[in-house]
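One structure is given here, and the rest of the page talks about it.
Proteins come first, then strands; the chains are lettered A, B, ... in the order of their sequence lines, and each starts at number 1. The figures that follow rest on heavy atoms only: side chains count, while hydrogens, waters and symmetry mates do not. Source: prediction; values computed, not measured.
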Amino acid sequence: MLDPKDLRNNLEALAGQLRRRGFELDTACYGDLEERRRRLQIDTQALQNERNRQSKAIGQAKARGEDIAPLLAEVAQLGARLSAANEALQATHVELQRLQLEIPNVLHSSVPDGADEADNIELRRWGDRPTFDYTPRDHVELGALNQEMDFEAAAKLAGARFVVLRGRLAQLHRALTQLMLDLHTQEHGYEEVYVPYLVNPQVMRGTGQLPKFEEDLFRVAAENPLFLISTAEVPVTNLVRERIVEADVLPLRFVCHTPCFRSEAGSYGKDTRGMIRLHQFDKVELVQVVRPETSYGVLEELTIHAEKVLQLLELPYRVVALCAGDVGFAATKTYDLEVWLPGQQCYREISSCSNYEAFQARRMQARWRNPATGRPEPVHTLNGSGLAVGRCMVAVLENYQQADGRVRLPTVLQPYFGGRDYLDD
RNA sequence: GGAGAGGUGGCUGAGUGGACGAAAGCACCCGACUUGAAAUCGGGCGAGCCUAUGGGCUCCAAGGGUUCGAAUCCCUUCCUCUCCGCCA
């Protein structure tokens, strides 16, 4: 959510900024609605003031033992007028809020122009791509060789876009998760948290998944509906919802391993092969809640924390600045990490690191007490994958494959496998 | 799942229809005393919105209702605690 005061005072300027990302804000409609709200609020409050005054007068008259009948007659009309005014005001509030929740965040000035991912800017590359004297296999072929990656078994259980991992691959998946959690807790100063995988609609709205992106989510039918989390960002960021935290507890740094559930509506036919795009995948997520003036520095730092995982695994990757048309709804600025996949001969997203500034904080009412002003002000929130575990496993398999189909283990993972050099010994 | 008790400001906790956005204590901030600190004393101290100064409005878990007037009465939902049952 953008700052309502900003929307009131700088509507045209904001609309101009939003146009960069291809969003057209109907300023006439919004402005009218805002003006109507203001008038109704003034009218309603005047009526409420009147009612409060007269009610007090009645109380006082009664205490003095006077006849209150004339006073009651005077107030008689007020109730109906008040409730009518209130209803109109409420309706306008609801309408205004509906609009506000569907307006995306304003981009940071450093975000490059562009329409889609083709316009993203590569910032840097790291690592040497492996060379093969044969056509490298992709992870599906590698997984099939030892029968430890089973899409058919998963389809029987749940349908397309799921996977069953067995034996060494299940173990590799777990080892990668462990490596990431160890790194971020021990080297980068994050606190590990364990959270619910089902959350209520308010929480989904807090981070921006609702109301606009409901079709991407799995909803669990119940008296009070719950949603499966699409990322740990949702429950972890919402840990500060409706709270005012003291300045000295910031920055809050959380790392959290969860499964993520996505309906992948609208991606039919895309990445149907293998583990790249599943309805359920595991991810280790980094979340920071920070003082506003630090958030862009923190974005750089958080991105480096995510990169460190790839560096430890010695996986070649590049860092990309998303262009205006590709930055997500709630973010002001995003860096993607893309890992090299020999089986696809391309770089694929494995992490996305974003600053949300106060956009999520306003929706969540997450504030800090700013010592400079003494007042509660919205915090800034950030998050980034550190990393997507499934895609990371794909990258290890494809980059570390040997001609005979075996997979060498990255040095950093060998302790998780009793010091073995190869996954399949 | 059954029975009961509750949800009030950062915390503890009073308030059961009228001057209550809310006593008191703790915590915190400012000042006095002090070489400094502690103790003591005085003052301040929830959030949001509207408003030209003054001020006004809303919020006592959430949503409805009764009433001229609701933290207080009624209904629904959510949550917490205690006992019993069940259970990884």
Side-chain angles (χ1 to χ4, degrees), chain A residues 1-9 30-101 194-206 210 220-227 235 238-250 252 259 289 358 361-379:
Chain A
M1 203 163 89
L2 299 180
D3 186 345
K5 279 191 190 124
D6 243 19
L7 280 165
R8 211 171 297 149
N9 302 325
Y30 188 91
D32 287 353
L33 202 57
E34 172 58 32
E35 179 55 24
R36 192 161 98 219
R37 192 218 97 244
R38 202 181 64 85
R39 280 220 204 86
L40 283 169
Q41 179 160 346
I42 291 171
D43 292 350
T44 306
Q45 290 188 359
L47 284 171
Q48 285 172 327
N49 180 232
E50 185 60 19
R51 179 205 58 196
N52 290 347
R53 274 189 341 98
Q54 302 212 27
S55 291
K56 266 180 193 170
I58 291 172
Q60 285 164 358
K62 211 172 165 186
R64 279 185 248 108
E66 296 168 7
D67 178 19
I68 60 171
L71 290 169
L72 287 178
E74 205 175 315
V75 177
Q77 299 303 319
L78 218 52
R81 285 171 62 204
L82 220 177
S83 62
N86 241 325
E87 259 168 51
L89 179 61
Q90 279 310 314
T92 310
H93 258 134
V94 166
E95 182 65 11
L96 206 52
Q97 207 200 26
R98 197 183 61 77
L99 286 180
Q100 286 168 354
L101 287 174
Y194 172 83
V195 295
Y197 302 157
L198 288 164
V199 297
N200 63 41
Q202 294 78 19
V203 166
M204 279 293 180
R205 195 168 51 206
L210 289 180
V220 177
E223 276 180 67
N224 298 295
L226 294 171
F227 292 88
N238 274 279
L239 287 174
V240 288
R241 77 179 285 113
E242 289 162 35
R243 282 178 58 199
I244 301 172
V245 298
E246 294 304 323
D248 57 12
V249 311
L250 299 178
L252 291 166
V289 178
R362 275 187 223 103
R363 289 174 164 239
M364 297 188 300
Q365 293 188 70
R367 292 165 291 177
W368 70 303
R369 199 172 292 281
N370 183 351
T373 62
R375 304 192 61 80
E377 295 169 13
V379 294

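- With C1' as the reference atom, C20(B) and A14(B) are 12 Å apart, rounded to whole Å.
- Going from atom CD of Gln100(A) over to atom CG of Leu2(A) covers 8.5 Å, rounded to the nearest 0.5 Å.
- Interface residues of residues 57-93 of chain A facing RNA chain B, ordered by number: Ile58(A), Gly59(A), Gln60(A), Lys62(A), Leu72(A), Val75(A); criterion, heavy-atom separation under 4.0 Å.
- Atom CZ of Arg36(A) and atom P of C50(B) are 17 Å apart (whole Å).
- In this structure, the CD atom of Gln48(A) is 17 Å from the P atom of C68(B), given to the nearest Å.
- To the nearest angstrom, C1' of C49(B) lies 18 Å from CZ of Arg39(A).
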> Hey, mind stepping through Leu96(A) and Glu34(A) against side chain to side chain contact (heavy atoms under 4.5 Å, CB included) and telling me if it holds?
Replying inline: CA-CA 7 Å; Leu96(A) 206 52; Glu34(A) 172 58 32; 3.4 Å; yes

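- Counting only residues at least two apart or in different chains, salt bridge (Lys or Arg N to Asp or Glu O under 4.0 Å) contacts with residues 83-96 of chain A comprise Glu95(A)-Arg98(A).
- Under the Watson-Crick or G-U wobble criterion, with both distances below 3.5 Å, A61(B) is paired with U77(B).
- Across U51(B), G69(B), C49(B), the shortest atom-to-atom separation from the side chain of Arg37(A) is found for C49(B).
- When the P atom is compared between U58(B) and G69(B), the two are found 12 Å apart, to the nearest whole Å.
- Nearest-nucleotide positions on RNA chain B for Asn49(A) and Glu34(A) put Glu34(A) closer to the 5' end.
- Here the separation of A38(B) from C30(B), taken at their P atoms, is 12 Å to the nearest Å.
- The CD-P distance, from Gln45(A) to C59(B), rounds to 11 Å in whole Å.
- The distance between atom CZ of Arg38(A) and atom P of A52(B), rounded to the nearest whole Å, is 8 Å.
- G54(B) takes the syn form, because its glycosidic angle lies no more than 90° either side of 0.
- Under the Watson-Crick or G-U wobble criterion, with both distances below 3.5 Å, A37(B) is left unpaired in every strand shown.
- Annotation: salt bridge (Lys or Arg N to Asp or Glu O under 4.0 Å) contacts involving residues 370-379 of chain A, sequence neighbours excluded, are absent.
- Rounding to the nearest 0.5 Å gives a distance of 10.0 Å between CD of Gln54(A) and CG of Asn49(A).
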>> Set out, in order, the CA-CA distance, both residues' side-chain angles and the distance that settles side chain to side chain contact (heavy atoms under 4.5 Å, CB included) for Arg241(A) and Val203(A), then state yes or no.
In response: CA-CA 8 Å; Arg241(A) 77 179 285 113; Val203(A) 166; 4.2 Å; yes

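- As rounded to the nearest Å, G13(B) and C26(B) have P atoms that lie 16 Å from one another.
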Please tabulate, one pair per line, all N/O donor-acceptor pairs under 3.5 Å involving side-chain atoms of residues 55-74 of chain A, not counting sequence neighbours.
unit_1, atom_1, unit_2, atom_2, d
Ser55(A), OG, Arg51(A), O, 3.0
Arg64(A), NH1, Glu66(A), OE1, 3.1
Arg64(A), NH1, Glu66(A), OE2, 2.7
Asp67(A), OD1, Ala69(A), N, 3.1

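- The distance from atom CG of Asp248(A) to atom P of G10(B) is 16 Å, rounded to the nearest whole Å.
- Atom name C1', nucleotides A5(B) and G9(B): the rounded distance is 23 Å, in whole Å.
- Pairing for A3(B) goes to U82(B), judged as Watson-Crick or G-U wobble with the two contacts each under 3.5 Å.
- For the atom pair CZ (Arg81(A)) and OG1 (Thr44(A)), the distance works out to 11.0 Å, reported to the nearest 0.5 Å.
- Checking C28(B) for Watson-Crick or G-U wobble geometry (two distances, each under 3.5 Å) identifies G44(B) as its partner.
- Figure legend. A19(B) is base-paired to no nucleotide; pairs are counted as Watson-Crick or G-U wobble with both atom distances under 3.5 Å.
- Nucleotide C49(B): paired with G56(B) (Watson-Crick or G-U wobble, both distances less than 3.5 Å).
- Using a 4.0 Å heavy-atom criterion, one finds that Arg369(A) contacts the sugar-phosphate atoms exclusively.
- For Arg51(A) and U58(B), the CZ to C1' distance is 10 Å, given to the nearest whole Å.
- Taking every side-chain heavy atom of Pro376(A) into account, A47(B) is the closest of A47(B), U58(B), C49(B).
- Taking for each of Glu377(A) and Thr44(A) the nucleotide of RNA chain B with the nearest heavy atom, the 5'-most of the two is the partner of Glu377(A).
- The Ile244(A) side chain lies nearest to A47(B) when the options are G56(B), C49(B), A47(B).
- Here the CG-NE2 distance, from Asn86(A) to His93(A), works out to 10.5 Å after rounding to the nearest 0.5 Å.
- At a cut-off of 3.5 Å, with distance as the only test, a side-chain donor of Gln41(A) or Arg37(A) sits close to an acceptor on the other residue.
- Across all strands shown, C87(B) forms no Watson-Crick or G-U wobble pair with both distances under 3.5 Å.
- When heavy atoms are screened at a 4.0 angstrom cut-off, Arg53(A) is found touching no nucleic acid atom at all.
- Among the atoms of the strands shown, only primed sugar atoms or phosphate atoms (P, OP1, OP2) are found under 4.0 Å from some heavy atom of Arg375(A).
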Report, one pair per line, the protein and nucleotides 27-30 of chain B atoms (nitrogen or oxygen only) whose separation is under 3.5 Å.
none

>> Show, in sequence, the C-alpha distance, side-chain angles and deciding distance for Leu226(A) and Asn200(A), and conclude whether the side chain to side chain contact (heavy atoms under 4.5 Å, CB included) test is met.
In response: CA-CA 5 Å; Leu226(A) 294 171; Asn200(A) 63 41; 4.1 Å; yes

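- In this structure, Leu47(A) atom CG and G69(B) atom P are separated by 13 Å, rounded to whole Å.
- In this structure, of G48(B), C49(B), G56(B), it is C49(B) that holds the atom nearest to the side chain of Gln41(A).
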Which pairs, protein N/O on one side and nucleotides 73-79 of chain B N/O on the other, fall under 3.5 Å?
none

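- The side chain of Asn52(A) lies closest to U58(B) when the candidates are U58(B), C50(B), G18(B).
- Once rounded to the nearest 0.5 Å, the distance linking CZ of Arg363(A) with CG of Leu101(A) reads 5.0 Å.
- If you take CZ on Arg205(A) and CE on Met1(A), they are separated by 10.0 Å, rounding to the nearest 0.5 Å.
- Gln54(A) comes within 4.0 angstrom of no nucleic acid atom, judged by non-hydrogen atoms across all strands.
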